[in-house]
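In what follows, chains are A, B, ... by sequence order, proteins preceding strands, each numbered from 1. Just so it is clear, the model here is predicted, and its values are computed rather than measured.
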Amino acid sequence: VTRALLIATLVVAGIAACKRHDPPERSFVTTSDESRDQAQRLRAGPGSPDSIRLVRSLPERNPLAGDRHAIQEGRRLYRWMNCIGCHAEGGGSIGPPLWDDEWRYGARGQDIAESILHGRPDGMPAYEGHLPEDQLWKIVAYVQSMAPRGGYYNHGVR
Amino acid sequence: MRLVRSESKSRCRHQANGANLRWAPLSCALAAMLLASAGCKDRLPEEDPRFPLDMAKLVEKSDERGDAREDAAQTRARPAAAAFESSDGDWTTALKDFAGTRYSSLDEIHIGNVSGLSLAWSHDFGLARGQDATPIVVDGTMYVVTSFPNRLYAFDLARPGTVRWVFEPNPERAAQGVACCDHVNRGAAYANGRVIFATLDAHAVAVDATSGTEVWRTRLGDIGRGETMTMAPLVVGSRVFFGNSGAEFGVRGWLKALDVASGAVEWTAYSTGPDSDVLIGASFRPFYEKDRGRDLGVASWPAGQWKIGGGTVWGWLTYDPESDLLYHGTANAAPWNPESRPGDNKWAATLFARRPSTGEAIWAYQWDPHNVFSWDGVNESTLVDLPHEGTMRRALVRAERNGFVYTIDRLSGEVLDATRYVHTTAVKDVDRSTGQPIRDLKHMPGYEKAGRGICPAVAGAKNREPTAFSPRTGYLYIPANNICMDVEGTEVNHIAGTPYLGANVKMYAGPGGFLGEMIAWDPVARKRVWSQTERFVTWGGALVTGGDLLFYGTMDRHFKALDARTGRALWQFETKTGIIAPPISYRGPDGRQYVAVLSGPGGWAGSVVSARLDPRDQTGARGFSNAMADLPAHTGRGGHLYVFRLP
């Protein structure tokens with residue numbers, strides 16, 4: 001019950017912080033005023049792994065893991081939120097690959113969600129306030145589904 | 001000692017197929033002779049009638065550059081006067097001199113004895129990412145900037161291999177997440193007892209050359225917007241020039257002049273926006289009609305997009321003291337998808353000539369309006385004087401990303417010539433009267449519409465690996481790439497601090513199946529003289545010397561010396577890791593000639609190794625993973641410094 005309440009709180013907070021739930025169809029953002037640009041700006045990841053705060057508030061399991069609709073939506077959001085710019089289709093580019101067995105910060109749904117929400121010190125930005133929790137879990141579901149032979153299968157928790 | 005080994009045979013076959021047919025038998029004979037006579041240093045190479053080699057002159061170490069200046073025949077290119085201002089024993093700036101020649105007149109090591117070249121000392125930096133820096137050498141000390149965390153090493157050349165001090169700038173870790181192309185740095189500049197360099201988190205730092213302590217530090221950019229700094233700065237007089245990186249993140253490009261003494265910013269010239277920001281004023285005289293008009297840096301973009309339009313200034317700078325003009329290019333427009341930014345997108349993909357004291361633009365030439373294939377324009381402009389239609393012209397030559405060598409009047413910005421130097425499909429020619437590229441429209445990519453077989457690929461026929469120019473041969477040595485691509489545009493959001501691309505790219509080898517090539521280019525005859533193909537992209541830059549040796553490193557771990565006149569391979573050394581950095585040559589405190597280079601694969605082309613990317617993703621590293629999928633079989637990670645001399 002406590003966990004459900006926490007999730008509900010987070011979802012509400014997430015929705016409140018993010019004005020746009022669904023990205024409009026095929027429109028390019030033409031940032032013409034600075035304030036809008038600032039609103040679109042992400043924080044850098046935490047200065048050190050110790051400063052990660054919310055680790056215990058997210059469920060270990062991705063509530064949407066394996067959900068085909070969620071994975072489809074996650075694929076779209078993965079592009080929309082520019083995850084693809086750094087991680088490509090999963091083979092990596094500026095950021096590390098997501099297909100291999102190496103998960104610096106853990107392979108559980110919770111760990112991946114943490115990385116997206118709060119960032120990581122070597123450059124993963126924090127999407128907190130830009131992504132409602134359902135969208136966060138959809139992206140996690142997609143990331144978990146994309147690996148052709150991911151190490152996370154061995155961890156027992158998805 | 002290492003010799004050419006088994007490859008000499010295949011090379012001879014290669015040459016026999018090329019333009020050097022006449023010389024191939026001689027070359028092979030010589031290679032065989034060299035193989036047979038290991039250690040026989042005094043044997044003279046064969047005479048090539050086109051390049052009489054005066055051995056007496058080599059021995060007495062006369063000033064070859066002076067001779068080149070007085071070359072009465074005027075049938076070949078010669079370096080601009082700017083090349084003659086550097087001290088030849090040292091290597092004080094990344095491109096060697098203001099003219100950008102990367103030519104060292106040192107000739108103790110020459111084509112007759114290079115087979116004996118051997119390792120003098122080396123250093124292991126203990127870093128996994130790409131080492132892109134040009135070492136600089138000043139007064140018996142060598143300074144090297146590493147990849148992130150951008151340590152500055154001072155090596156004592158009087159005690160080879162000894163580290164005098166190491167300076168740790170401690171850049172912010174998060175900068176690594178907004179660096180488009182690995183965590184590289186291209187090296188330092190030197191001025192008045194200070195070593196000045198950029199950190200990945202967009203700071204300029206000056207360090208006392210003797211003590212290794214910080215003198216000043218200036219924050220120039222914001223990593224939260226995706227701004228990083230990787231370039232080697234250039235010092236002209238009391239000023240040092242820095243530009244930003246990050247066009248792949250939709251940052252707005254700029255070049256800044258800092259006071260060498262204090263680090264204070266004296267002026268900023270933006271690459272987009274109103275004329276007042278671009279420093280376009282009363283002195284601005286572009287040669288072409290298309291580059292004239294008011295506030296084109298605003299008007300040539302959809303509303304407001306110039307603020308996130310790219311055109312960063314992360315490449316090489318050259319300077320002509322005779323005309324007091326500073327030359328710099330600007331990078332690609334952002335985002336990559338051209339459909340989302342109708343217009344010429346000024347001043348991305350542009351060459352600028354500026355007054356270094358004020359930054360004001362004197363002329364500009366946008367060589368790639370609208371930047372359809374996202375080619376970047378930061379390659380070096382090498383300043384040479386050459387005969388053109390009967391008169392000597394003060395020119396600059398640029399091996400541009402689109403596969404054309406541009407010869408441009410460096411006073412006016414007029415394109416004197418543009419000739420292709422590699423296989424191209426995307427651009428057919430350059431219109432000399434308008435300066436416009438003539439594109440092949442069937443290759444135009446669009447929104448969810450793939451353009452296929454586009455050559456050169458987005459990484460260009462030549463990337464930032466610098467060319468070298470020899471006054472002895474008159475040739476420009478171009479480390480070229482033979483890469484093509486498929487690309488489709490996608491929709492893209494601008495979220496500051498994340499990539500702003502909107503394109504799916506897959507790169508692959510062009511015709512012939514090889515990825516790289518070293519080309520000796522005659523800028524007067526406007527043709528190839530010889531070329532040497534390479535398995536991987538030639539990502540390391542060229543050095544040419546007074547001993548007529550061309551040095552460069554390859555990503556598959558070979559550091560090579562070729563005969564600069566014929567392309568014949570004379571010597572190579574197997575390094576521990578692949579090379580993406582340009583070599584240098586200097587005279588040590590012992591009076592001997594040395595050649596130095598960093599190894600450490602990485603950068604955009606090598607991130608499949610340095611960042612351990614999964615090459616099964618064809619779009620990884622913005623399409624480079626696909627072309628370089630085999631690289632991990634040829635090199636591991638790791639950064640080293642190698643220094644060579646004759647025994």
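Note: B:A179 leads B:A611, B:G502, B:A179, B:A175 in heavy-atom pairs under 4.5 Å with chain A. Heavy-atom pairs under 4.5 Å with chain A peak, among B:P499, B:P335, B:G623, at B:P499.
Looking at B:N626, neither its backbone nor its side chain comes within 4.5 Å of chain A, counting heavy atoms on both sides. The contact between B:N504 and chain A is made entirely by side chain atoms (from C-beta outward), counting heavy-atom distances below 4.5 Å. Using a 4.5 Å cut-off between heavy atoms, B:F249 touches chain A through its side chain atoms alone.
Here the OG1 atom belonging to B:T146 is positioned 6.0 Å from the CZ atom belonging to B:R151, to the nearest 0.5 angstrom.
Aromatic ring centres of A:Y142 and A:W137 lie farther apart than the 6.0 Å criterion allows.
Side-chain contact of A:S115 with A:R120: a donor-acceptor pair under 3.5 Å is present, judged by distance alone.
The aromatic rings of A:Y127 and A:H130 lie perpendicular to each other, with more than 60° between the two planes, well past the 30° mark.
Side-chain contact between A:V140 and A:I116 is present, with heavy atoms from C-beta onward closer than 4.5 Å.
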